[in-house]
There are 2 protein chains.
Amino acid sequence: MPNIATPPISHVEPLNLPQNVIKALSIDNLVFGLDEDELKILLVKQTDPMHEGKWALPGGWIRYDENLRDAAYRLLEELTGVKQLYLEQLKTFGRVDRFPTERVVTIAYYALVSAEHYSLVAGQSAADVSWQSISALPELIYDHAEIIAYGMKFLQHQVCHQPIGFNLLPEKFTLLQLQALYEAILNTKLDKPNFRRKIMKMDLLTPCNEKQQGVPHRAANLYRFDPETYKQLTESGFSFEI
Amino acid sequence: MPNIATPPISHVEPLNLPQNVIKALSIDNLVFGLDEDELKILLVKQTDPMHEGKWALPGGWIRYDENLRDAAYRLLEELTGVKQLYLEQLKTFGRVDRFPTERVVTIAYYALVSAEHYSLVAGQSAADVSWQSISALPELIYDHAEIIAYGMKFLQHQVCHQPIGFNLLPEKFTLLQLQALYEAILNTKLDKPNFRRKIMKMDLLTPCNEKQQGVPHRAANLYRFDPETYKQLTESGFSFEI
DNA sequence: TATCTTATTGTCCAATTGACAACAACCCAA
DNA sequence: TTGGGTTGTTGTCAATTGGACAATAAGATA
């Protein structure tokens with residue numbers, strides 16, 4: 001491809017960018033949600049006639065004076081109403097032809113959450129918002145299918161090497177709930193006493209000194225994550241090897 | 001910080017960008033090199049008066065019609081003469097104030113190579129190029145020290161979870177050479193017998209039935225990587241736990 | 001041949017793991 | 001009131017692994 005001084009002329013409408021954003025740089029969010037033991041992803045339906053009926057990752061333009069992660073949070077909330085989750089940078093996608101009218105590089109952020117804990121509100125520039133099953137994705141704009149595929153692969157790898165997935169649980173939870181989560185993600189059965197020992201030795205959980213309510217059997221102790229250890233483990237990067 | 005429609009006015013000279021690059025988007029390369037059992041990083045000395053004497057990661061602007069990794073390879077070769085290595089995307093750094101005069105987001109790429117296998121040639125816009133010891137870095141421009149610190153942490157994590165670094169060794173190598181490699185990257189001393197046991201149990205190495213030549217002591221056995229196991233381990237993503 | 005250096009094997013003990021037994025708590029129904 | 005059902009929690013034990021280090025082997029050299 002030859003070096004050119006200006007963007008290539010295109011038959012498609014040029015972008016109508018807001019004034020205070022960084023041209024050629026966007027954010028796209030991959031929010032994976034566990035919904036009844038099924039993995040889904042948060043998508044928004046496009047409004048503009050050009051992409052009518054197609055879906056997209058919730059994303060958009062980064063403001064000139066806005067940090068990358070802040071932009072990710074803002075765009076996600078604007079488009080879907082989803083907030084209060086932890087977004088982590090995934091990868092930057094910048095194939096020359098990934099965007100039709102201009103050269104646009106996009107920085108992908110991702111999160112893994114419990115789908116039922118969030119209520120979706122379609123923003124102004126979204127025709128619809130919903131959790132879509134990973135195994136039956138609708139038609140997506142640009143290279144968003146490719147980005148999702150990369151995110152999936154990454155997620156499957158990460159789940160074994162980082163304490164992610166803990167935000168899928170309520171603030172206070174039982175050890176069996178945590179175990180069930182791991183069993184679902186890793187698709188295996190785990191030994192209850194051994195799982196307990198292993199988790200507890202990490203000093204990741206602090207007992208709430210409260211018990212489960214309304215169960216027809218002995219009530220289990222409730223635990224919460226120790227945010228300090230959790231942060232340490234997240235930063236240092238460790239192995240679960242459960 | 002208020003939203004603004006144009007870049008902030010600064011007392012520093014504005015950027016004098018070539019015409020065919022993407023404004024606000026750059027590449028920086030972290031090339032880690034093992035040099036006599038010491039871990040170093042490839043840096044270039046700045047020429048412009050503003051940063052005189054300071055060093056920087058080899059990087060620069062991405063062309064409008066150039067894929068990200070292609071830009072990384074081009075810039076690395078232009079500045080340092082280093083080519084024929086595998087660059088992998090590390091992370092994108094975009095703090096609002098990371099660059100003094102404008103908003104610039106940079107995409108970092110990294111590689112791990114054997115320093116002595118490359119000859120350095122300082123490019124036109126570089127006053128000097130050299131391998132600098134990680135443990136005694138010179139003064140760096142912008143947030144490059146921060147980027148290097150992130151890259152180091154990433155490297156140390158990767159080395160425990162992926163069989164990377166094996167391309168730093170000759171085809172046939174001794175166990176002590178392999179151990180020295182790990183010690184350099186992890187910056188620790190390892191027990192020789194234990195390291196041997198652990199590595200051998202992975203079935204990653206096959207003996208060449210040859211011995212080291214010309215050493216003034218007992219010659220060690222030479223090994224090579226078993227490409228099949230190596231590939232399996234790379235793909236599945238495993239734990240070394242060394 | 002004595003001695004030096006490094007390679008390689010062996011040993012010991014502590015810590016960890018996995019499988020499973022045993023006991024505790026609580027609900028519920030007879 | 002009592003005993004069975006269910007799940008939580010603690011304990012046990014053999015097998016495996018890990019780290020520290022001793023012991024031996026194989027050259028090279030003085």
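Every chain is numbered from 1 and lettered A, B, ... according to where its sequence line falls, protein lines coming before strand lines. Bear in mind that the values here come from a model prediction, so they are computed numbers and not experimental data.
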To the nearest Å, give me how far apart [atom1] ([X]) and [atom2] ([N]) are.
{"X": "A/Q179", "N": "D/dT9", "atom1": "CD", "atom2": "P", "value": "12 Å"}
{"X": "B/F195", "N": "C/dT9", "atom1": "CZ", "atom2": "P", "value": "15 Å"}
{"X": "B/L190", "N": "D/dA20", "atom1": "CG", "atom2": "C1'", "value": "13 Å"}
{"X": "B/N209", "N": "C/dT8", "atom1": "CG", "atom2": "P", "value": "12 Å"}
{"X": "B/N194", "N": "C/dT11", "atom1": "CG", "atom2": "P", "value": "15 Å"}
{"X": "B/K198", "N": "D/dT16", "atom1": "NZ", "atom2": "C1'", "value": "13 Å"}
{"X": "B/K189", "N": "D/dA20", "atom1": "NZ", "atom2": "C1'", "value": "16 Å"}
{"X": "A/Q177", "N": "D/dT9", "atom1": "CD", "atom2": "P", "value": "12 Å"}

A/F225 and A/F173 aromatic ring geometry - parallel, tilted or perpendicular at 30°/60° bounds: tilted

Sole residue of B/K91, B/R98, B/R95 in salt bridge (Lys or Arg N to Asp or Glu O under 4.0 Å) with B/D143: B/R98

DNA chain C-proximal residues of residues 211-226 of chain B, any heavy atom under 4.0 Å: B/H217, B/R218, B/A220, B/N221

Exam field: side chain A/T106 to backbone A/S26, donor-acceptor pair closer than 3.5 Å: yes

Short side-chain to backbone donor-acceptor contact, A/E183 and A/L190, under 3.5 Å: yes

Between A/Y110 and A/F154, ring centroids under 6.0 Å: yes

Rounded distance (nearest 0.5 Å) linking atom OG1 of A/T92 with atom CD1 of B/I107: 5.0 Å

Side chain of A/R196 (C-beta onward), nearest among D/dT17, D/dT9, D/dT12: D/dT9

Atom NZ of B/K211: over 12 foreign heavy atoms under 6.0 Å: yes

Sugar-phosphate, base or nothing in reach of A/L176, heavy atoms under 4.0 Å: sugar-phosphate

Touch class at under 4.0 angstrom, heavy-atom based, for A/K192 against every strand present: base

Side chain B/R197 and base D/dG19 donor-acceptor under 3.5 Å: yes

